[in-house]
Amino acid sequence: MKLATWNVNSLNVRLPHVLDWCTANQPDVLCLQETKQEDSKFPYEALTAIGYNAIHSGQKTYNGVAILSRHVLEHPSYGIPDFADEQKRLIAATVKGIRIVCAYIPNGQSVDSDKYQYKLNWLASLTTHLQAELAAHPKLALLGDYNIAPEDRDVHDPAAWLGQVLVSEPERTAFQGLVGLGLHDTFRLFEQPEASFSWWDYRMAGFRRNLGLRIDHILVSTPLLAACKASWIDKAPRKLERPSDHTPVVLELSE
DNA sequence: ATGGCGACCGGAGGTCGA
């Protein structure tokens, strides 16, 4: 069973890439972030045509999350309970007994902005919510754009990024709070190339020079650990014409 | 590295992302 996450930076623009990638890679589940479209615009028909069910929670211009699945999506839920939020950033469903949680964690903009406080509040609410979710669903995977590089090795230039948003200690502490729930960063369960990143700035030839960050993650609960077989970042879509600035992260589970 | 790109809305250029 193959799980994946991809911030597509507008599904309006990136739908051809998503269809091609799903056809070529056949993920069982693909979590999308930044669809940037209202539910009425979501391309259910095009996805059905290649064998995918989908649920979506979106809005115009910003945010928007979706779960695509080759299997039945049971018990969909939207948003964080008890956290009033106009921004569409969380969607979840159960696939083959695994609770799939797809998150677009706020960016935060800069550490001195209101958006940074919103990010930390959002993460605190998510953590509380996931504690209950884990009690109800021992097999759980949290996939998405975390907008946090958990360690210095996830940053192309840690000195330049020191203390900045995406890297700051409060954000990394929040990430460790998720780990503290009994979630595991599956990418690091396996040997990986040095300087492995999932996002590269469009500017300054960031991708060509590998000036990136690893901010897209797949965390799984302890009951799923033994099933983890491999994890990798697929850089191929980042090389296409008009790419997203993020690229897919994949986790392979044994059945 | 701090600007550079790209998406969006709106119909120019500001805002946001990361």
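Hydrogens, waters and symmetry mates play no part in the numbers below; they use all other heavy atoms, side chains included. The chains referred to below are lettered A, B, ... by the order of the sequence lines, with proteins before strands, and numbering in each begins at 1.
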> Could you walk me through whether A/Asp154 and A/Arg188 pass the salt bridge (Lys or Arg N to Asp or Glu O under 4.0 Å) check?
Replying inline: CA-CA 11 Å; A/Asp154 302 314; A/Arg188 294 299 183 198; 2.6 Å; yes
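For the pair A/Arg214 and A/Phe197, the cation-pi test (distance below 6.0 Å, angle within 45°) is failed.
B/dG4 sits 16 Å from B/dG13 when the P atoms are compared, rounded to a whole Å. Taking atom P in both B/dG10 and B/dC5, one finds a spacing of 24 Å when rounded to whole Å.
Aromatic ring centres of A/Phe175 and A/His217: separated by under 6.0 Å.
Of the candidate nucleotides B/dA1, B/dA18, B/dA7, B/dA18 has the atom nearest to the side chain of A/Leu213. Considering only the side chain of A/Tyr202, B/dG6 comes nearest among B/dG6, B/dA18, B/dC9.
Rounded to an integer number of Å, the gap from A/Trp199 CH2 to B/dG6 P is 13 Å. In this entry the distance linking CG of A/Asp245 with P of B/dA7 reads 9 Å, nearest Å.
Projected onto DNA chain B by closest heavy-atom contact, A/Lys36 and A/Ile215 fall at different nucleotides, the more 5' of which corresponds to A/Lys36. For A/Trp161 and A/Thr61, each mapped to the nucleotide of DNA chain B holding its nearest heavy atom, the one lying further toward the 5' end belongs to A/Trp161.
In this structure a side-chain-to-backbone donor-acceptor pair under 3.5 Å is present from A/Tyr202 to A/Asp245.
No N or O donor and acceptor, one from the side chain of A/Asn147 and one from the base of B/dA18, sit under 3.5 Å apart.
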